[in-house]
Amino acid sequence: MEDSGTSEKQEQRSKNFIYEIIDDDLKTKKWNGDVHTRFPPEPNGYLHIGHAKSICLNYGIARDYNGKFNLRFDDTNPEKEDQEYVDSIIEDVKWLGADFEDRILFASDYFEQMYEWAVALIKKNKAYVDDSSADEIRSSRGTLTEPGKDSPYRSRSVEENLDLFERMRNGEFPNGSKTLRAKIDMGSPNFNMRDPIMYRIVHEEHHRQGNKWCIYPTYDWAHGLEDSLEGITHSICTLEFENHRPLYDWFLDELGIHHPQQIEFARLNLSYTVMSKRKLLQLVKEKYVDGWDDPRMPTVSGFRRRGYTPESIRNFAEMIGVAKRDATTDIALLEFAIRDDLNKHAQRAMAVLKPLKIVLTNFSGAEELEAVNNPEDPSMGTRKIIFTNELYIEKNDFMENPPKGFHRLVPGGEVRLRYAYIIRCEEVIKNSDGEVIELRCSVDHDTKSGTGTSKKKVKGTIHWVSAENAVKAEVRLYDRLFTVDSPDSDKEKNFLDYLNPESLEIIEDALVEPFLKNAKPADRFQFERNGYFCVDKKYTTDEKLVFNRTVTLKDSWGKMN
RNA sequence: UGCCGGGUCGUCUAAUGGCAGGACAACGCCCUUUGGAGGCGUCUGUAGAGGUUCGACUCCUCUCCCGGCAGCCA
């Protein structure tokens with residue numbers, strides 16, 4: 001009676017392999033039933049969507065198991081880090097909704113403890129000061145198939161090491177002249193175990209510590225200690241650190257301190273973009289984009305400015321799952337996530353991107369019409385729109401010589417104006433270049449929207465704005481930043497060669513519904529039949545409204561052509 | 001070549017020795033006063049070869065393919 005008797009096809013979301021590990025740990029009481037995760041960024045750049053995946057994973061675990069989640073900056077390299085990045089990261093993590101409570105932590109606050117632990121390892125004769133140059137260390141490390149060679153300084157006495165290490169800290173030696181190395185095994189098949197460097201001398205001001213230190217711990221030495229200090233139970237990281245795990249285990253066990261379990265998962269790759277911080281930094285520094293928050297960037301701040309919601313990014317993270325195999329996720333999945341969210345929540349509006357003037361020959365005055373704010377959510381109510389005899393419609397909603405299947409306005413043809421009447425195109429007016437500049441149309445007064453009196457059926461409904469009260473706005477249309485799905489996979493070519501020259505189109509003279517003049521930065525709307533848009537927070541001023549296109553609507557007509 | 005990982009629809013991800021399922025994409029139909037949304041349906045997959053087993057995506061052996069590692073970056 002216990003097995004498949006429950007025929008309910010309730011598809012509960014299956015757990016990823018990390019949840020299974022944690023379930024096991026809980027069963028065996030490995031951590032006393034505690035679950036404590038963290039997100040440990042280095043403040044050397046802005047967060048991207050791959051980081052968002054990690055944040056959602058780590059925070060989601062803490063939330064699902066009633067555990068805790070820390071935000072900790074891994075700020076061990078003063079040469080690359082900056083307070084600007086700290087600030088942006090905090091903002092992004094908060095925006096994503098990951099709750100770290102009061103735990104904004106910094107690895108640099110642990111430097112003193114790390115120093116003491118290093119001294120402890122020296123005393124155990126498990127670490128030594130090496131005078132070799134970077135070149136010497138590299139050449140003695142061996143190769144993939146040959147073991148490395150012991151450093152000539154490897155057998156210094158504990159006393160000498162203690163003295164030298166203290167003097168390193170005191171600033172007696174120049175950059176690069178000495179390092180502290182763990183004494184492990186130069187013959188290990190794992191490079192990370194070939195006497196890895198724990199401290200390097202860097203006379204550089206740290207963004208939080210100032211000039212207090214001139215020796216800085218390496219990531220390999222510091223990272224496991226940080227997790228240990230914070231009582232992290234599950235140290236979740238990406239695949240490239242798998243080879244480092246034995247080293248972290250070695251440090252923790254030699255020190256005899258709390259030993260979190262490291263679990264590796266595959267980082268996110270997204271089609272049509274790049275995800276490495278180095279490349280994103282290059283796009284910013286060399287001005288291929290308008291800053292880290294350029295709406296074409298795969299950064300959290302870029303998606304935010306583009307109009308993505310935190311909810312949509314969380315849903316996306318849920319949809320793509322977590323596994324260990326390398327994968328590239330189709331960006332269409334992200335686009336689905338934001339459309340899905342905005343469809344349910346975004347206020348509808350009419351906006352004409354490329355206006356074509358219409359004059360109604362048998363209509364005068366102004367009529368108030370009622371429009372639905374969101375057909376998916378009646379609680380969002382309705383609004384009034386004013387209908388007049390001069391209007392603008394979308395240029396591409398009219399064709400003089402339409403192909404088969406074109407459902408919009410054609411000479412002599414009829415189309416419905418959204419929320420208004422069916423009109424007929426009576427006359428096409430062109431300029432001297434033969435360009436259509438105006439349409440004269442007649443209104444069928446019996447076809448008012450919503451009255452149910454119309455016996456007519458028309459194939460198409462198009463949107464419009466009134467010439468009398470439409471508001472001018474700038475609209476920015478974004479397309480993929482790169483022209484190929486994996487711009488950095490070709491080792492022969494530079495990813496910059498694949499930049500899409502048409503990734504941004506600026507439309508200066510779009511016309512939008514009057515109520516939008518009160519829209520505030522970051523407000524989101526669906527411009528009916530055009531897509532989802534939000535008010536750009538960078539370029540919008542009191543005099544000028546700027547909209548960013550977040551994503552288009554799914555367009556089954558466009559696909560046919 | 002050494003070590004460590006990994007190979008399931010086009011893409012992402014489930015099935016933990018018992019009906020290869022879901023989502024996205026694509027395609028078709030229905031519906032529609034947004035060519036949106038929605039509804040219904042279709043298509044497509046276990047890298048290969050052996051073995052164990054009543055039964056293998058799953059366990060074993062071999063092969064092939066992919067990724068990571070030789071920073072005083074993280």
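Computed from heavy atoms alone, side chains included, the values below leave out hydrogens, waters and symmetry copies.
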Report, as yes or no, whether the 6.0 Å neighbourhood of atom NZ on Lys384(A) holds more than 12 heavy atoms from other residues, nucleotides or ligands. yes
Has the side chain of Arg529(A) got a donor or acceptor that lies under 3.5 Å from a partner of the other kind on the base of U34(B)? no
Distance between the C1' atoms of A47(B) and G6(B), in whole angstroms? 12 Å
Ser108(A) side chain vs Gln209(A) backbone, donor-acceptor pair below 3.5 Å: no
For residues Tyr308(A) and Asp341(A), is any side-chain donor paired with an opposing acceptor at under 3.5 Å? no
If the C1' atom of G45(B) is compared with that of A26(B), how far apart are they to the nearest Å? 16 Å
Out of U8(B), C72(B), U34(B), whichever nucleotide has its closest atom nearest the side chain of Arg325(A): U8(B)
Considering only the P atoms, how many Å lie between U63(B) and A70(B), rounded to the nearest integer? 27 Å
In terms of base orientation, is G45(B) syn or anti, with the syn window spanning 90° either side of 0? anti
Using the P atom on both, measure U52(B) against U58(B) and round to a whole Å. 15 Å
Read 5' to 3' with Watson-Crick or G-U pairs under 3.5 Å, [ ] for crossing pairs and | for partners on another strand, RNA chain B gives .((((((..((((....[..)))).(((((.......)))))....(((((..]....))))))))))).....
Using OP1 and OP2 only, check whether a side-chain N or O of Arg181(A) sits under 4.0 Å from C72(B). no
Roughly how far apart, to the nearest Å, are G28(B) and C43(B) at atom C1'? 10 Å
Note: Glu513(A)-Arg348(A) ion pair, threshold 4.0 Å (strictly below): no
Could you check how far CG of Asp397(A) sits from C1' of G35(B), rounded to whole Å? 10 Å
With a 4.0 Å cut-off on N to O distance, would you call Arg418(A) and Glu528(A) a salt bridge? yes
With C1' as the reference atom in both, quote the distance from G21(B) to A14(B) in angstrom, rounded to an integer. 7 Å
Quick one: Asp555(A) CG to U34(B) C1', roughly how many Å, whole number? 11 Å
Donor-acceptor pair, side chain of Asn192(A) and main chain of Pro246(A), under 3.5 angstrom: no
